[in-house]
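Note that ligands are numbered from 1 as they come in the structure, with each ligand's atoms numbered from 1 the same way.
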Amino acid sequence: MEKYVINGGKPLQGEVEISGAKNAAVAIIPAALMVDGVCRIENIPEISDTDMLLTILTHLGAKVRLINRSTIEIDSREVRFCDAPFDLMRKIRASYYLIGAMLSRFGHAKTTMPGGCNFGVRPIDQHIKGMTALGADIDVRNGFVYADAPDGRLHGAKIYLDKVSVGATMNIILAATMASGRTIIENAAREPHIVDLANFLNSMGADVRGAGTDTIKINGVEKLHGGSYSIIPDQIEAGTYMVAAAATGGEILVKNVIPKHLECISAKLRETGTIVQEYEDSVLVKSNGNLRKANVKTLPYPGFPTDMQPQMGTLLCMANGTSVITEGIYDNRFKYVNELRKMGADIQVDGRIAIIEGGNALTGAPVMACDLRAGAAMVIAGLCASGTTEIEDIHFIERGYENFVGKLRALGADISIIDFPDDTENADKVISIG
Ligand code: EPZ
């Protein structure tokens with residue numbers, strides 16, 4: 001079993017290059033299924049979620065060619081509807097995008113109910129509401145979602161989302177792109193990766209307008225042609241390194257970012273006394289480790305991102321005073337708190353609120369990664385703590401952070417991936433230094 005082993009207490013120093021946005025890539029890869037041509041996609045993050053989606057597309061007959069580490073070509077001219085690898089679909093949340101993409105390309109779809117990080121109930125009722133409004137018959141049974149456009153093609157509709165949902169907004173855009181007529185999505189999510197998906201589709205001949213606002217208009221087209229596109233940098237990966245710099249009292253130049261996408265994170269870090277200097281495509285984050293308390297409430301973009309909440313939880317353990325985190329998106333995104341308590345954190349959780357008594361030094365301990373961002377939070381905690389921290393279930397972390405260990409080691413972190421067979425006495429040699 002692979003674990004991260006971290007010897008903490010060293011400020012991170014240096015530069016880090018941010019990879020392509022995971023939550024854009026996991027929508028753009030399914031969207032490539034809709035293109036009757038060849039898509040060249042650059043800045044794809046090398047993470048397990050994108051690997052799984054590319055495997056699913058290959059199973060559907062797409063030809064995937066690796067140009068270099070972060071550039072691929074997807075040729076979907078020969079794709080045919082068939083049962084895709086359900087065991088892969090079940091593992092990732094983004095498999096729901098295959099519903100919209102398959103409906104657009106084939107007029108029907110069969111996917112599993114989505115998987116993904118487990119922090120409370122994560123329904124897809126808004127996705128179903130949107131597809132139904134576009135004319136699809138939807139049937140959910142035996143763990144599968146069946147969707148069918150009665151006459152082979154969806155039709156435009158006006159859809160008001162009851163909840164601001166990133167996934168439902170993106171999925172409806174996918175389904176409406178090749179529907180007949182005009183679709184309007186109201187109360188749409190505004191995240192940068194939604195704009196990225198719209199820009200990708202438009203570069204392939206779609207007509208999607210207003211992405212990034214709460215009203216998105218899509219004029220359906222007959223087909224999509226091939227083309228090239230480069231994915232935006234990952235807002236959350238960037239934010240994770242920014243928080244790591246602040247928490248460890250270090251100095252990191254975070255490169256290949258869009259500072260506007262990081263505004264809320266930068267503002268919150270400045271509240272803690274951290275210095276954040278913005279440049280054209282990078283941000284410099286510097287801290288002396290003497291952090292002030294701050295309160296955080298997660299909200300849809302442009303509010304403070306929920307995917308940065310666990311990382312902030314760790315940072316506020318290092319801040320002086322009492323901080324309050326309010327989780328505005330999910331029911332139960334504080335599972336990492338129990339792991340932080342093993343390291344000496346003083347946090348009380350009541351529903352969607354966590355009260356953090358900061359200023360106590362963390363000490364290394366064996367802990368778990370409960371999900372992707374909780375895992376990142378535990379890595380930051382291990383980097384801050386005195387002594388050694390071992391983190392299990394690192395597969396969650398590898399889903400969303402490209403070369404995490406390698407990038408951290410380049411910043412001076414003492415972190416390794418160790419393969420522990422079941423009996424930990426014979427801990428194997430270091431299997432990889434990232
Ligand atoms: C996306 O999940 C991201 N995942 C999540 O990132 C992110 O936390 C989330 O958006 C919010 O920004 C991907 O893009 C693959 P939502 P998604 O639909 O689409 C409720 C990460 O760490 N809801 O915006 O599932 C839902 O329960 C991951 O990278 C419904 O009620 O999120 C939640 O409370 C974790 N009905 C809220 O809306 C629906 O049909 C927002 O969910 C859909 C959602």
Side-chain angles (χ1 to χ4, degrees), residues 19-31 45 47-50 52-53 89 91-100 113-133 138 140 145 159-175 185 187-197 214 231-232 234-240 261 264-265 298-312 327-333 335-336 351-352 369-377 396-402 404:
S19 304
K22 166 180 92 79
N23 290 344
V26 297
I28 286 171
I29 291 171
I47 53 178
S48 56
D49 271 18
T50 50
M52 280 193 259
L53 283 165
M89 284 187 182
K91 289 178 181 162
I92 52 178
R93 177 91 181 147
S95 56
Y96 49 38
Y97 292 133
L98 292 163
I99 300 169
M113 281 296 281
C117 296
N118 175 16
F119 24 73
V121 179
R122 299 181 75 184
I124 60 167
D125 60 300
Q126 297 301 301
H127 299 244
I128 291 169
K129 172 180 181 178
M131 301 303 162
T132 305
I138 304 282
V140 178
V145 180
I159 301 159
Y160 182 87
L161 289 178
D162 302 323
K163 194 131 191 203
V164 176
S165 162
V166 169
T169 301
M170 305 245 277
N171 216 354
I172 294 166
I173 289 173
L174 291 170
I185 308 171
N187 199 27
R190 299 157 57 188
E191 271 67 7
H193 29 290
I194 294 170
V195 179
D196 214 28
L197 173 65
D214 61 3
I231 291 175
I232 56 170
D234 193 309
Q235 167 204 37
I236 305 302
E237 185 196 14
T240 301
H261 292 167
C264 206
I265 300 165
T298 66
L299 290 168
Y301 189 86
F304 191 89
T306 177
D307 294 347
M308 284 297 304
Q309 185 261 91
Q311 301 91 312
M312 280 304 288
E327 172 52 54
I329 307 294
Y330 292 110
D331 298 327
N332 177 18
R333 197 168 194 170
K335 283 199 290 189
Y336 67 94
R352 289 192 174 202
C370 305
D371 58 63
L372 166 56
R373 306 304 174 180
F396 284 119
I397 305 172
E398 314 256 307
R399 286 184 48 202
Y401 289 93
E402 178 181 296
F404 201 24

### Query
What do we get for Tyr96 next to ligand 1 when only non-hydrogen atoms under 4.0 Å count, side chain, backbone, both or neither?
side chain
### Task
Answer whether the closest heavy-atom distance between the side chains of Ile124 and Pro114 falls below 4.5 Å.
yes
### Under 3.5 Å: donor-acceptor pair, side chain of Lys22, backbone of Glu402
no
### Aromatic ring pairing His127/Tyr96, orientation class (parallel under 30°, perpendicular over 60°, tilted between)
tilted
### Query
Are the side chains of Asp307 and Arg333 in touch, meaning some heavy atoms are under 4.5 Å apart?
yes
### Message
I need the contact type for Arg373 against ligand 1. Using non-hydrogen atoms and a strict under-4.0 Å cut-off, is it side chain, backbone, both or neither?
### Response
side chain
### Task
Spell out, as yes or no, whether a donor-acceptor pair under 3.5 Å connects the side chain of Ser95 to the backbone of Met89.
yes
### Message
Just so I know, are the side chains of His193 and Val166 near enough to count as touching, which here means a heavy-atom distance under 4.5 Å?
### Response
yes
#### Entry: Test side chain to side chain contact (heavy atoms under 4.5 Å, CB included) applied to Leu197 and Ile194, step by step
CA-CA 5 Å; Leu197 173 65; Ile194 294 170; 5.8 Å; no
### Protein residue, atom and distance nearest to atom 8 (O) of ligand 1, heavy-atom basis
Asp307 OD1, 2.6 Å
### Message
Counting non-hydrogen protein atoms only, what is the nearest one to atom 36 (N) of ligand 1? Give residue, atom name and distance.
### Response
Asp125 OD1, 2.7 Å
### Task
Check ligand 1 against His127 and write out every atom of the ligand that is under 4.0 Å from a heavy-atom position of the residue.
40 (O)
#### Entry: Nitrogen or oxygen of Gly167 less than 3.5 angstrom from that of ligand 1
yes
### Under 3.5 Å donor-acceptor, Asp196 side chain and Ile232 backbone
yes
### Query
Which residue owns the protein heavy atom closest to atom 42 (O) of ligand 1, what's the atom, and how far is it?
Tyr330 OH, 4.3 Å
### Query
Side chains of Tyr401 and Thr240: donor-acceptor distance under 3.5 Å anywhere?
yes
### Query
How does Arg333 reach ligand 1, by side chain, by backbone, by both or by neither, if only non-hydrogen atoms under 4.0 Å count?
side chain
### Query
Do Ile92 and Leu53 have side chains that get closer than 4.5 Å, going by heavy atoms?
yes
### Message
Heavy-atom pairs closer than 4.0 Å: do any link ligand 1 to the side chain of Ile329, the backbone, both, or neither?
### Response
both
### Query
Who's the nearest protein heavy-atom neighbour of atom 13 (C) of ligand 1, and how far?
Asn23 OD1, 3.4 Å
#### Entry: Heavy-atom nearest neighbour in the protein, as seen from atom 31 (O) of ligand 1, with distance rounded to 0.1 Å
Pro123 CG, 3.4 Å
### Query
What residue and heavy atom of the protein are closest to atom 2 (O) of ligand 1, and at what distance?
Arg122 NH2, 3.3 Å
#### Entry: Which of the ligand 1 atoms, numbered from 1, are nearer than 4.0 Å to a heavy atom of Ile124
39 (C), 40 (O)
### Summary
For atom 25 (O) of ligand 1, the closest protein heavy atom turns out to be Arg93 NE, 2.7 Å
### Query
Between Met131 and Gly100, which heavy-atom pair has the shortest distance, and what is it?
CE-CA, 4.1 Å
### Query
Are any side-chain N or O atoms of Glu237 and backbone N or O atoms of Ser19, one a donor and one an acceptor, separated by less than 3.5 Å?
yes
### Message
Is the contact between Lys22 and ligand 1 made by the side chain, the backbone, both, or neither, using heavy atoms and a 4.0 Å cut-off?
### Response
side chain
### Query
Is Gln126 in polar range of ligand 1, meaning some N or O pair under 3.5 Å apart?
yes
### Query
Where on Ser165 is there a heavy atom closer than 4.0 Å to ligand 1, on the side chain, on the backbone, on both, or on neither?
both
### Query
So is Glu191 polar-close to ligand 1, meaning N/O to N/O under 3.5 Å?
no
### Query
Identify the closest protein heavy atom to atom 16 (P) of ligand 1: which residue and atom is it, and at what distance?
Val166 N, 3.6 Å
### Query
Is Phe119 near ligand 1, meaning one of its heavy atoms is under 4.0 Å from it?
yes
